[in-house]
Amino acid sequence: MRQIPPGISGLTVDQMRRIQAELAPRVRVEDALGTVRWIAGVDVAYTETHAIGAAVLLDAETLEVAQEATAIRPLETDYEPGLLSFRELPAALDALAQLPEPDLVFCDGNGLAHPRRFGLACHLGVLTDLPTLGVAKSRYLGQHDVIAEPRGSWRPVLDAGDIVAHALRTQDGVRWVYVSPGHRISLDTATTWALRTATEARIPQPTRLADHLANRTRRER
DNA sequence: GCGACAG
DNA sequence: ATCTTGTCGC
């Protein structure tokens, strides 16, 4: 029952939403991860016709890059709010599969902060059964109060009565990001890792370096 | 009915 | 996401 990777082509919007609803119950929002020694960052860049996936493996302690991998896939679906994972996962999974198994995966987008509580990070987590978290650069849904200016300040993001993410300021005075659990991790732990790895910029290093690799690969092609 | 809407 | 260089501001 591979709910995604090969041939997504034929799926309708309704079918994709149905798959999300079916897989959502498999998401585990409690901490079910061991010692985090290796972190992977995954991202996807696009051309007119293809998706270029990039995965980077970093030492959780030093955040130094240990290994990189890329993959390219023909685009199979247009972007549709709520269905981002169906567009990004094929290339993202192909790239990730080329690396040694990480202890935690950072995704570029949301996890629980999704209408059906099954964003990109949840989907990738359930399919691989790896601990995952999502970091989104802009708001998708939910409401939150003003975030204080100092790095590390955060406020819960509420949607339909659920706390689905934390709006977290990762650097003094820069715009905040939205952190949410993907799979096998709690919101608090996800927030801690996001802040801990946002050492050089607003975006945590795993996601940031994967983004760089994806774009570098796209330009050199 | 109207507006919002990860990447 | 992508199309694109320099430039205004701290």
Side-chain angles (χ1 to χ4, degrees), chain A residues 4 8 13 16-17 19-20 23-24 27 41-55 70-96 105-126 132-144 149-151 157-160 162-183 187 190-191 194 201-204 206-221:
Chain A
I4 241 280
I8 296 172
V13 167
M16 291 189 269
R17 292 193 179 126
I19 288 171
Q20 293 181 322
L23 294 181
V27 171
V42 179
D43 192 25
V44 179
Y46 299 91
T47 64
E48 278 294 314
T49 56
H50 293 73
I52 294 153
T70 61
I72 183 161
R73 285 271 200 137
L75 280 176
E76 302 187 75
T77 63
D78 287 328
Y79 168 71
E80 174 77 26
L83 300 176
L84 176 65
S85 64
F86 290 85
R87 185 172 165 85
E88 302 220 328
L89 280 186
L93 289 171
D94 277 358
L96 187 59
V105 181
F106 277 58
C107 300
D108 185 17
N110 295 300
L112 269 193
H114 179 277
R116 290 168 290 286
R117 306 296 182 256
F118 198 68
L120 170 64
C122 297
H123 203 155
L124 192 152
V126 166
T132 62
L133 66 85
V135 176
K137 297 180 290 299
S138 62
R139 192 193 69 90
Y140 177 30
L141 49 70
Q143 303 295 326
H144 63 83
E149 290 301 318
R151 166 187 153 90
V157 177
L158 276 77
D159 177 61
D162 299 326
I163 295 179
V164 296
H166 278 167
L168 170 71
R169 183 97 63 186
T170 54
Q171 297 293 339
D172 292 348
V174 304
R175 184 167 176 76
W176 55 88
V177 297
Y178 295 85
V179 183
S180 59
H183 184 52
L187 176 53
T191 303
R202 175 171 84 115
I203 305 303
T207 303
R208 180 166 176 252
L209 296 178
D211 175 90
H212 290 175
L213 176 59
N215 283 107
R216 194 189 316 149
T217 303
R218 174 168 56 78
R219 295 193 310 260
E220 298 172 349
R221 178 205 105 71

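First the proteins, then the strands, lettered A, B, ... as listed; each starts at 1.
- A/H123 and A/F118 have tilted rings, their planes meeting at an angle from 30° to 60° on a 0 to 90° scale.
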Heavy atoms under 4.0 Å is the rule here; annotate nucleotides 1-7 of chain B 5' to 3' with B where the base is hit, S where only the sugar-phosphate is, and - elsewhere. ---SBBB
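- A donor-acceptor pair shorter than 3.5 Å can be found between the side chains of A/Q20 and A/R116.
- To the nearest angstrom, C1' of C/dT2 lies 14 Å from CG of A/D78.
- The two residues A/A210 and A/A54 come nearest to each other via the heavy atoms O-CB, 3.5 Å.
- Looking only at atom types and distance, the side chain of A/T191 has a donor-acceptor partner in the side chain of A/H166 under 3.5 Å away.
- Between A/D159 and A/R117 there is a salt bridge, since at least one side-chain N of the basic residue sits less than 4.0 Å from a carboxylate O of the acidic one.
- Comment: A/R208 does not engage A/D43 in a salt bridge, judged by the lack of any side-chain N to carboxylate O separation of less than 4.0 angstrom.
- Remark: A/R87 is positioned above the aromatic ring of A/Y46, its terminal NZ or CZ atom under 6.0 angstrom from the ring centre and at most 45 degrees off the axis.
- Pairing each heavy atom of A/G111 with each of A/A121, the nearest pair is CA-CB, 3.7 Å.
- The minimum heavy-atom distance linking A/A167 with A/W176 is given by the pair CB-CD1, 4.0 Å.
- Contacts of residues 211-220 of chain A with DNA chain C (heavy atom under 4.0 Å): A/N215, A/R218.
- Here the CG-OG distance, from A/L124 to A/S85, works out to 9.0 Å after rounding to the nearest 0.5 Å.
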Report, as a single string ordered 5' to 3', how protein heavy atoms within less than 4.0 Å touch nucleotides 4-10 of chain C: B base, S sugar-phosphate only, - not at all. -------
